[in-house]
Amino acid sequence: MGMMKHLMVRSRRRSLWMMHFCLGGCNGCSIEIMAALTPMYDLERFGILNTGNPKHTDVLLVGGSVNHRNRRTLKNLIDQIPAPRLIVAVGTCALTGGIFNEAYNIIGGANRVVDVDVYVPGCPPKPEAVIDGILSGLDKFEQ
Amino acid sequence: MNLAKLWVPAAAVIAAPVFGGLIAGIDRKISARLQGRYGPPILQPFYDLYKLFGKDPLAVNRWQPFFAAMYLFGAAASVAWLALGGDLLVLFFLTTFTVGFLVLGASCVPSPFSRAGAGRELLQALVYEPVLILVFAAIFQQTGRWDAAGVWRQGGVLLAQTPLLYLCLFLVLVIKLRKSPFDFSASPHAHQELVRGVLTEYSGPFLAMVELGHWYETALLLMICALFWSSVPGSAILVAATVAGLIFVDNLFPRLTWRWMMARIWLPLPGLALLNLIWLMV
Ligand code: SF4
């Protein structure tokens, strides 16, 4: 039994299918996430694949700040991701609301709506930081 | 029948997914290298599969898991049947039945991506099923046997008389394994026009079952290819060359639309197969 469990943890750490959802913001973070997906960084060597489908997703990258409308979309997406899942907030907007924080329609960062596992600060963070953020969340799968 | 003979299909049912998964892993590695990337480890498909089995089972409705299980069962049964040396015509019906469940599973959900994928999967079946039956007919024409065991025992290089048919079988393989340019019903690379087509609505263990079924289908088609050179080293060379060809075709050709396939492949492919069959008869 121990071995099966060990193998499961290993598989989860080695096979991360990711999806990216931009709530708003200036889209700078999305562009950096896209840059991280290019062959130059070769995310597939870590077993990371871009899926674009919540039902196949293990890691959700959230960028941008939450407002009253997109919070429903975000919740809806997360409900469709089967557990165990990892939620990574990318960029200052997703962390705190960023420069949009004081706007009348903004609720704040992604953690106002969902449980965020990893925070990647930066406006925008570099692709290396995004990759580092995803990989540093892997310890969640140990439990 | 002799019970002792049952170990052959049992071994095939266990070995086929290992073989199919390894082929998928090698394919991903070589494709990555061709694109100047380092690529995932060869065992990556097994990590993916095992992880999927460990995810929460989220089914859209109660039919979806049933169809996924039936697809897996059909694909495994086809492999077992061929390993048993069974009749090729029965095998043909088994493969049709298997695809049927995949299509049903994709159409029992409301997602437009999944349904469009199911429609395209049916179109693909329309293209390759006639070729498959012609391939079996040619095997019969050449060896006088419908049963796979008899064909294998007869020995010889079927390929020498049936090069055009083998070419058609190769194209069937490209279509069946969803390699580009024919990857429009469910691309292995996500983020395309249909997301993942027939696989869009499956998640977790059910997606794993469909994936496993796909590996069985890979193994099955390569086993059919092996019949064209029925000696152990010969069939190994043939299968290796076929897989190498598949990977190169996948990387060399851009993705096409289903209209292109219907227009350019639907009639010429069975035509080519028929030509070879006529040549065998005269
Ligand atoms: S964190 Fe900065 S770069 Fe990212 S979306 Fe917000 S404003 Fe744009």
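Every chain is numbered from 1 and lettered A, B, ... according to where its sequence line falls, protein lines coming before strand lines.
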Q: So does A/Glu44 get a backbone contact from the side chain of B/Arg37, meaning a donor-acceptor N/O pair under 3.5 Å?
A: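 No, B/Arg37 side chain to A/Glu44 backbone: no donor-acceptor pair under 3.5 Å.
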
Q: So, for A/Ser11 and B/Tyr47, which heavy atoms are closest and what is the spacing to 0.1 Å?
A: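 For A/Ser11 versus B/Tyr47, the nearest heavy atoms are CB-O, 3.4 Å.
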
Q: Is it the side chain or the backbone of A/Leu7 that comes within 4.5 Å of chain B heavy atoms, both, or neither?
A: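 The answer is both parts of A/Leu7.
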
Q: How many angstroms lie between atom CZ of A/Arg85 and atom CG of B/Asp56, to the nearest 0.5 angstrom?
A: 8.5 Å

Q: With a cut-off of 6.0 Å (strictly less than), are more than 12 heavy atoms of other residues, nucleotides or ligands near CZ of B/Phe170?
A: yes

Q: Taking atom CZ of A/Arg13 as the centre, report whether more than 12 heavy atoms of other residues, nucleotides or ligands fall under 6.0 Å from it.
A: yes

Q: Tell me if a side-chain donor or acceptor on B/Gln44 pairs with a main-chain N or O of A/Arg14 at a distance below 3.5 Å.
A: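 Yes; at least one donor-acceptor contact below 3.5 Å.
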
Q: Would A/Asp58 and B/Lys55 pass as an ion pair if we require N to O under 4.0 Å?
A: yes

Q: Hey, does A/Lys55 have a side-chain heavy atom less than 4.5 Å from the side chain of B/Phe206?
A: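 A side-chain contact under 4.5 Å is absent here.
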
Q: Please confirm whether the backbone N or O of B/Leu199 pairs with a side-chain atom of A/His56, one donor and one acceptor, at under 3.5 Å?
A: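 Here the side-chain-to-backbone pair exists.
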
Q: Restricting to non-hydrogen atoms, name the atom on B/Gly54 and the atom on A/Pro84 that form the minimum distance, rounded to 0.1 Å.
A: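 Minimum heavy-atom separation between B/Gly54 and A/Pro84: O-CD, 4.2 Å.
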
Q: At a 4.5 Å cut-off on heavy atoms, which part of B/Leu49 comes close to chain A: side chain, backbone, both, or neither?
A: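 For B/Leu49, no heavy atom lies under 4.5 Å from chain A.
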
Q: Give the intermediate values and the outcome of side chain to side chain contact (heavy atoms under 4.5 Å, CB included) for residues B/Leu52 and A/Trp17.
A: CA-CA 10 Å; B/Leu52 285 173; A/Trp17 292 359; 3.9 Å; yes

Q: Taking atom CG of B/Leu58 and atom CG of A/Asp79, what is their separation to the nearest 0.5 Å?
A: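 One finds 9.5 Å between CG of B/Leu58 and CG of A/Asp79.
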
Q: For the pair A/Asp42 (side chain) and B/Gly39 (backbone), establish whether a donor and an acceptor sit closer than 3.5 Å, ignoring hydrogens and angles.
A: yes

Q: If every non-hydrogen atom of A/Met8 is compared with every non-hydrogen atom of B/Phe53, which pair is closest and at what distance?
A: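 Minimum heavy-atom contact is CE-C, 4.5 Å.
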
Q: Check whether the side chains of B/Lys51 and A/Ser15 place a donor and an acceptor atom closer than 3.5 Å, and report yes or no.
A: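 Result is yes, a qualifying pair exists.
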
